[in-house]
Protein chains: 2
Amino acid sequence: MAEDVFKALADPTRRHILDELVERGGQTLFEICARLVTKHGLGLSRQAISQHLAVLESAGLVRTRRQGRYKFHDLNTEPLERIATRWLRPDAPESTP
Amino acid sequence: MAEDVFKALADPTRRHILDELVERGGQTLFEICARLVTKHGLGLSRQAISQHLAVLESAGLVRTRRQGRYKFHDLNTEPLERIATRWLRPDAPESTP
DNA sequence: TTGATAGGCAAGCTTCCACTTGCCTATGGT
DNA sequence: ACCATAGGCAAGTGGAAGCTTGCCTATCAA
């Protein structure tokens, strides 16, 4: 849903996660936690990041794949490619609520 | 500044306001209120819309001009043109001014 | 001047969101 | 088997966001 994409992008922590995944795909939850601390100075709990990842995944911005006890996260830019052009083309046949 | 753009776009009512301003620029607050009711079925108070417009304006998405007792609102798409390309690859088929 | 229109300011309420805490399951190494 | 690692579930909390209500100012027409 495009609705969820906007809400997912509203939080600065989630945008930092996307920045991290764009720089290096296929990271686990613990890797993302560690990199958010060292590179962005964000000292959040593991659960907080996990919940943020759940929001990003349900918005379609993050794809996950399980492998053993690891869960790898990858960025999916496909939902991003439409949302910004919604108000940029006045003559586009837009009908999304 | 870009932080405020994401937060401004997070609310569905504000996105409907942008839809309205893209369709017809230079509307007053009362016009926007009326059109949100008749076209989108949103029954909100005048103050609610006014506060939404303030958020959009402080995010740079709406420009206002006073004329007598009227205050006209216009869309400014300039902040939108960068936010979506933030996580897109450099080879994305997007116009980069 | 009077009254109607267009808009603003501020307090209060309610719901939602981000975050934490504690406990749980599952996988893998030794 | 044991234990550390990787992750999930659920309840609880603080604060921000959205909306309303009431009152106020400013502009224009009669």
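Order of the sequence lines sets the chain letters (A, B, ...), proteins ahead of strands, with each chain counted from 1.
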Does OP1 or OP2 of [N] have a side-chain N or O of [X] closer than 4.0 Å?
{"X": "A/Lys71", "N": "D/dG8", "result": "yes"}
{"X": "A/Thr28", "N": "D/dA6", "result": "no"}
{"X": "B/Ser45", "N": "D/dT20", "result": "yes"}
{"X": "B/His52", "N": "D/dC19", "result": "yes"}

Heavy-atom pair with the smallest gap, counting every atom of B/Glu57 and B/Thr64: OE2-OG1, 2.8 Å
Minimum heavy-atom distance B/Pro79-B/Val5, with the two atoms named: CB-CG2, 3.9 Å
Atom [atom1] of [X] to atom [atom2] of [N]: distance rounded to whole Å?
{"X": "A/His16", "N": "C/dA18", "atom1": "NE2", "atom2": "P", "value": "15 Å"}
{"X": "B/Glu31", "N": "C/dT5", "atom1": "CD", "atom2": "P", "value": "15 Å"}
{"X": "A/Leu29", "N": "D/dC9", "atom1": "CG", "atom2": "C1'", "value": "14 Å"}
{"X": "B/Leu56", "N": "D/dG18", "atom1": "CG", "atom2": "P", "value": "10 Å"}
{"X": "B/Ile49", "N": "D/dT21", "atom1": "CD1", "atom2": "P", "value": "14 Å"}
{"X": "A/Ile32", "N": "D/dG8", "atom1": "CD1", "atom2": "P", "value": "11 Å"}
{"X": "A/Tyr70", "N": "D/dT5", "atom1": "OH", "atom2": "P", "value": "11 Å"}
{"X": "A/Lys7", "N": "D/dG18", "atom1": "NZ", "atom2": "C1'", "value": "12 Å"}

Closest listed nucleotide, where the reference is the side chain of B/Arg69 and the choices are C/dT21, C/dT27, C/dA6: C/dA6
Nucleotide nearest B/Gln47 when distance is taken to its side chain, options C/dG22, D/dT20, C/dA6: D/dT20
Any donor-acceptor pair under 3.5 Å from B/Asp74 side chain to B/Gly26 backbone: yes
Among B/Thr77, B/Asp19, B/Asn76, the one residue meeting side chain to side chain donor-acceptor pair (under 3.5 Å) with A/Trp87: B/Asp19
Base [N] to side chain [X], donor-acceptor N/O within 3.5 Å cut-off:
{"X": "B/Arg66", "N": "C/dG7", "result": "no"}
{"X": "B/Gln51", "N": "D/dT20", "result": "yes"}
{"X": "A/Arg46", "N": "D/dG8", "result": "yes"}

Any B/Lys71 side-chain heavy atom under 4.5 Å of B/Leu29 side chain: no
